[in-house]
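This report concerns only the one structure given below.
No hydrogens, no waters, no symmetry mates; every other heavy atom, side chains included, goes into these values. Each residue takes its place number in the sequence, starting with 1.
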Amino acid sequence: MTQREFDDDLAVPAAPLAGDWPDVDAVAAAPAPAAEPEMERSDDQEEADPLAAPVFSGEPEPEPEPDDEGDGGFSDRDKLVRVWLDDAGRLIRVRVSPVWFTRIGPKERLEDRFREAFVLAQLPGADPIERPEPLGPLEELAAMPEEVRAALDDLPELSQELVTAFRAVADELDAEITQALAVEQDAWQREARRVTGRSQGVSVTLDECGRTHSVAFEERWLDEAQVGSIVTHVQLASDRAQESYRPVPRGGASDDLLKQQELLGVAITAVLNPRGSKS
């Protein structure tokens with residue numbers, strides 16, 4: 001290698017001439033490189049707890065409980081159990097939350113939630129079916145057959161003697177009705193019985209009137225039972241209890257006395273509201 005070649009290899013590049021320098025103002029005005037676009041974040045990502053445990057795709061998320069308002073059923077306070085009863089208080093449909101065992105308290109039982117739903121279903125005014133209002137005295141009078149109304153029109157005009165007579169009849173009927181109802185209630189209590197139906201690890205008990213009262217589970221069976229099996233055997237146990245139930249007849253003498261009391265009320269209404277002048 002010659003000395004010139006060696007010098008050329010180590011030579012420092014020559015400085016540019018005055019006209020070759022880049023325009024400083026142009027360099028300053030040059031646009032900055034475009035920044036990488038930020039990834040949009042969803043609301044779920046922004047609200048997510050950074051300390052929360054990770055959720056794996058293989059784990060099914062619990063489904064939210066459906067909104068059952070107005071469907072005729074009744075639930076416990078946490079909607080773990082929902083029951084449907086007919087007009088006589090008999091169980092006709094039942095549903096259990098698929099995650100009930102994760103939401104129930106450590107000292108609670110599933111049968112307690114069933115009892116809670118039954119109590120709510122049988123509270124006064126809980127029946128969602130709209131029923132007609134009972135007729136008032138004037139409506140009852142207008143609904144009487146014409147021959148009955150004609151006989152009522154023949155009653156004497158209102159007087160102190162008539163009021164006294166009405167009061168005496170009413171007092172006598174009240175005493176007889178009270179006695180008849182006491183006798184019938186005593187007889188009914190002696191004969192009426194609760195009935196229990198069973199299906200696998202489930203027992204359903206009806207009260208003395210045939211209304212669904214309570215559900216009981218064998219704990220060992222319940223620990224291994226799936227929700228579908230629980231629902232099926234609760235309904236089967238209820239159906240078997242209904243098949244065994246024998247109602248005790250109520251009424252009798254009191255029914256006739258109550259009808260007489262109703263007729264007396266209609267007669268008093270007719271005297272107070274005559275259809276026309278009497279000759």
Side-chain angles (χ1 to χ4, degrees), residues 72 74 85-92 115-196 205-214 241-242 244-279:
F74 294 86
L85 308 180
D86 64 10
D87 292 344
R90 295 172 296 196
L91 184 66
I92 56 176
R115 179 65 183 275
E116 186 176 322
F118 291 144
V119 170
L120 292 175
Q122 295 171 0
L123 286 176
D127 191 348
I129 300 176
E130 295 185 1
R131 304 184 185 280
E133 293 290 333
L135 298 178
L138 290 175
E139 289 80 3
E140 291 181 358
L141 180 61
M144 287 289 173
E146 179 57 30
E147 59 271 18
V148 176
R149 182 60 197 267
L152 293 173
D153 289 339
D154 291 336
L155 290 172
E157 292 183 354
L158 184 63
S159 64
Q160 185 60 46
E161 292 76 10
L162 185 59
V163 171
T164 302
F166 276 146
R167 182 175 298 169
V169 175
D171 290 344
E172 183 179 355
L173 279 174
D174 285 341
E176 293 180 359
I177 290 172
T178 300
Q179 182 179 4
L181 288 175
V183 172
E184 293 167 3
Q185 180 68 15
D186 183 65
W188 182 84
Q189 289 180 341
R190 289 197 308 269
E191 299 179 25
R193 295 289 183 273
R194 292 190 174 187
V195 176
T196 299
T205 299
L206 312 182
D207 66 13
E208 293 83 354
C209 297
R211 299 170 299 192
T212 309
H213 177 268
S214 60
Q242 291 294 340
S244 302
Y245 176 71
R246 297 294 180 268
V248 177
R250 307 190 76 162
S254 63
D255 289 342
D256 294 335
L257 293 171
L258 288 171
K259 290 178 181 178
Q260 295 178 36
Q261 187 182 57
E262 181 181 350
L263 183 58
L264 177 63
V266 173
I268 296 174
T269 302
V271 171
L272 296 175
N273 299 272
R275 287 196 294 188
S277 60
K278 298 183 180 181
S279 55

Heavy-atom pair with the smallest gap, counting every atom of W188 and E208: CH2-CB, 3.5 Å
L206 vs Q242, side-chain contact (heavy atoms from CB on, under 4.5 Å): CA-CA, chis, key distance, verdict: CA-CA 8 Å; L206 312 182; Q242 291 294 340; 3.2 Å; yes
For R246, all residues meeting side chain to side chain donor-acceptor pair (under 3.5 Å), sequence neighbours excluded: none
Distance, nearest 0.5 Å, that separates CZ of R115 from CG of L120: 11.5 Å
Side-chain heavy-atom pair L162, V271 within 4.5 angstrom cut-off: yes
L85 side chain reached by I92 side chain, heavy atoms, under 4.5 Å: no
Cationic N near anionic O, under 4.0 Å, R190 to D186: yes
Side chain to side chain, Q122 and F74, heavy atoms closer than 4.5 Å: no
Derivation and outcome, side-chain contact (heavy atoms from CB on, under 4.5 Å), residues K259 and L263: CA-CA 6 Å; K259 290 178 181 178; L263 183 58; over 6 Å; no
T212 to L91 - nearest heavy-atom pair and separation: OG1-N, 3.1 Å
Student check: side-chain heavy atoms of Q260 and L257 closer than 4.5 Å: yes
From CZ (F166) to CG (L155), nearest 0.5 Å: 5.5 Å
Contacts of type side chain to side chain donor-acceptor pair (under 3.5 Å), residue R193, not counting sequence neighbours: none
Audit row: R90, R211, side-chain contact (heavy atoms from CB on, under 4.5 Å) steps and yes/no: CA-CA 5 Å; R90 295 172 296 196; R211 299 170 299 192; over 6 Å; no
Side-chain donor-acceptor contacts of residues 170-185 below 3.5 Å, not counting sequence neighbours, with atom names and distances?
{"from": "D174", "atom 1": "OD1", "to": "Q261", "atom 2": "NE2", "distance (Å)": "2.8"}
{"from": "T178", "atom 1": "OG1", "to": "D174", "atom 2": "O", "distance (Å)": "2.9"}
{"from": "E184", "atom 1": "OE1", "to": "S254", "atom 2": "OG", "distance (Å)": "2.6"}
{"from": "E184", "atom 1": "OE2", "to": "A253", "atom 2": "N", "distance (Å)": "3.3"}
{"from": "E184", "atom 1": "OE2", "to": "S254", "atom 2": "N", "distance (Å)": "3.0"}
{"from": "E184", "atom 1": "OE2", "to": "S254", "atom 2": "OG", "distance (Å)": "3.2"}
{"from": "Q185", "atom 1": "OE1", "to": "R250", "atom 2": "NH2", "distance (Å)": "2.5"}

Euclidean distance, M144 CE relative to R149 CZ, rounded to 0.5 Å: 10.0 Å
